[in-house]
Amino acid sequence: MARHLITSALPYINGIKHLGNMVGSMLPADVYARYLRQRGHDVLYICATDEHGTPAELAAKEQGLPVAEFCAQAHDAQKAVYDGFALAFDYFGRSSSPQNVEITQHFARKLNENGFIEERAIRQVYSPTDGRFLPDRYVEGTCPHCGYDKARGDQCENCTRVLDPTDLINPRSAISGSTDLEVRETKHLFLLQSKLQHEVEAWVSRHEDDWPQLASSIARKWLNEGLHDRAITRDLDWGVPVPADTWPDLAAEGKVFYVWFDAPIEYIGATKEWSDKDPENRDWKSWWYEADDTVRYTEFMAKDNVPFHTVMFPATELGVREPWKKVDYVKAFNWLTYYGGKFSTSQKRGVFTDHALEILPADYWRYFLIANAPESDDSSFTWEHFTATVNKDLADTLGNFVNRVLSFSKKRFGEAVPAGGEPGPAEGALGEEIARLLTEYEQQMEALQFRKAAAALRALWSAGNSYLEEKAPWLEIKTDKDGAALTLRTAMNLIHLYSVVSEPFIPASSAAMRQAFSLTGDTATWVSSDEAKALTFLPTGTPFTVPPVLFAKLTDEDLAAYKERFGGETAA
């Protein structure tokens with residue numbers, strides 16, 4: 001079986017993420033990783049917190065904490081939420097790790113040796129009050145375009161216009177609030193992306209036809225506009241230090257690498273973190289170095305991250321002139337909106353992942369988000385849509401099927417899988433339909449078409465309901481007890497099948513379905529087409545219990561409460 005390396009965009013350390021962030025990277029990556037593991041592939045799913053940059057320093061200052069302590073606490077808080085969502089990372093690291101420092105500095109040295117880094121003098125805002133140069137986000141002021149008085153030196157959050165610190169009206173230091181600012185000359189390192197333009201173009205050309213249109217179009221747009229040399233250092237206290245053995249003057253000034261230089265390298269760094277935990281059994285380099293023929297690498301990210309991973313990081317890897325693994329497939333997502341408006345971490349607009357878990361278990365969210373993933377275009381989260389999906393697909397179609405089959409069988413035949421008669425035409429037709437739908441499900445999962453995969457999974461659940469309605473064992477038992485027993489036995493085998501194939505989407509509920517049966521030696525990781533047709537996983541006499549309700553139906557009162565707490569139409 002193939003070796004699959006999977007990464008999702010690194011969540012920034014500053015704050016708990018919202019549902020849009022979850023569905024735009026980590027959750028689909030988890031669903032895919034779970035599926036591949038079930039199919040027998042060797043999978044390594046790597047992620048980490050992205051911990052450098054000005055927002056981390058500013059957030060730490062706001063909380064009165066040293067930045068290292070703030071990041072450590074924030075990492076643990078985020079990891080707890082991801083555990084709550086059952087994200088099965090093989091490793092969830094930190095971009096501030098010694099491993100990432102080591103590899104980032106190695107990349108920088110190699111780029112310099114190969115003539116792709118240049119030291120340049122630039123003019124930058126300096127605060128005499130703070131005694132330091134101020135990176136873009138450390139300068140605040142009034143936006144010259146819309147008049148917003150809390151615009152940052154890199155972008156106005158209100159009108160989204162890209163800015164330079166010198167564009168701001170009445171600029172001030174975000175550290176001290178001082179308006180005594182000067183523009184002085186300082187030196188920084190620049191990555192000469194312009195010299196790598198043709199190599200990046202050639203590399204993208206070899207891959208873009210296989211990528212989703214969203215990913216390939218963004219990459220091509222950036223290439224058509226031309227790659228510009230980019231400053232890769234900043235004046236910050238927190239970050240990967242510029243190595244003194246290569247740039248002693250800049251190191252003495254305390255320069256660190258720009259967060260967007262070291263963050264993608266953390267995919268490699270986090271893999272080394274994972275490997276260093278058990279070096280006798282884990283080889284990080286086999287996943288990343290000279291691995292083009294042995295590893296398939298898939299990245300998951302929202303569209304705003306696509307340029308960095310399809311153009312900028314590949315340029316870095318190409319410029320190093322070493323055989324580091326580059327991405328094979330970029331699964332890019334559009335935005336999940338909240339009633340048509342943007343989720344906003346800073347303005348706390350929308351549903352955030354920690355609050356979501358306070359309301360309902362993870363499987364409710366996992367299924368809804370993947371079934372409505374913003375793949376071909378933006379999709380909108382509304383509480384009306386969420387409650388309708390939960391009630392129709394999870395509570396009625398799947399949960400009700402499991403409950404009524406097991407409850408009715410327990411009442412009429414006891415707590416063991418009944419025997420009944422031999423399968424007939426209805427069971428044969430059901431088996432063919434289940435095998436067909438299972439193939440459709442597998443094909444969509446292999447193609448990373450998550451909405452279509454969810455539709456195929458939903459159709460599998462619906463097929464069981466159609467069979468049950470056709471056979472109507474509650475009527476059948478009055479005239480043909482063996483026939484009713486056969487119907488229930490077949491339906492129980494469907495529940496077991498559902499417990500296996502639904503696991504990537506709803507792992508906790510799948511486990512509950514599987515644990516309902518005391519089946520000795522139940523090690524099945526997937527269901528073959530022949531097994532789906534036969535539907536004979538559970539031997540007659542297998543003990544079972546009726547699990548608690550898998551999915552509670554959401555009421556109008558629930559809907560009203562959610563909208564009152566989080567806002568509804570007015571959130572746009």
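- Remark: side-chain polar atoms of S95 are paired, donor with acceptor, to backbone N or O of E51 under 3.5 angstrom.
- A salt bridge is absent between K187 and E253; no separation between the charged side-chain nitrogens and carboxylate oxygens falls under 4.0 Å.
- Note: W288 and Y297 meet the aromatic proximity criterion, with ring centroids under 6.0 Å apart.
- Cation-pi geometry between K255 and F133 is met: under 6.0 angstrom from the ring centre, within 45 degrees of the axis.
- Tested against F107 for a ring-ring contact (aromatic ring centres under 6.0 Å, His included), the candidates F261, F116, W324 yield a single pass: W324.
- A donor-acceptor pair under 3.5 Å is formed between the side chain of R366 and the backbone N or O of F505.
- Y82 and F92 have perpendicular rings, their planes meeting at more than 60° on a 0 to 90° scale where under 30° would count as parallel.
- A side-chain donor-acceptor contact under 3.5 Å links Y12 to the backbone of A56.
- Looking only at distances, a side-chain donor or acceptor of S286 sits under 3.5 Å from a matching main-chain atom of D283.
- A salt bridge between R132 and D130 is absent, with no side-chain N of the basic residue lying under 4.0 Å from a carboxylate O of the acidic one.
- Salt bridge present: E225 and K221 bring a charged side-chain N and a carboxylate O closer than 4.0 Å.
- Under 4.0 Å is where a charged nitrogen must lie from a carboxylate oxygen, and between K331 and E375 at least one such pair does.
- When ring centroids are compared, F308 and F313 stay outside the 6.0 Å threshold.
- Judged purely by atom type and a 3.5 angstrom limit, Q193 uses its side chain to pair as donor or acceptor with the backbone of H228.
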(request) For side chain to side chain contact (heavy atoms under 4.5 Å, CB included), just list the numbers for M26 and Y45, CA-CA rounded to whole Å, side-chain angles, deciding distance to a tenth of an Å, and then say yes or no. (result) CA-CA 10 Å; M26 290 175 285; Y45 177 23; 3.9 Å; yes
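- Partner of F381 under the ring-ring contact (aromatic ring centres under 6.0 Å, His included) criterion, out of F352, Y339, F368, W335: F368 alone.
- In terms of heavy-atom proximity, C143 sits nearest to C146 at SG-N, 3.5 Å.
- With T353 contributing its side chain and K17 its backbone, the two residues share a donor-acceptor pair below 3.5 Å.
- Using a 4.0 Å cut-off between charged side-chain N and carboxylate O, R37 and E503 make no salt bridge.
- Using a cut-off of 4.0 Å between Lys/Arg side-chain N and Asp/Glu carboxylate O, K563 and E384 are scored as salt-bridged.
- T104 contributes no side-chain N or O that, together with a main-chain N or O of V101, makes up a donor-acceptor pair within less than 3.5 Å.
- For the pair K303 and D378, the salt-bridge criterion is met [side-chain N within less than 4.0 Å of a carboxylate O].
- Listed here is the closest heavy atom pair of G115 and L192: O-CD1, 3.7 Å.
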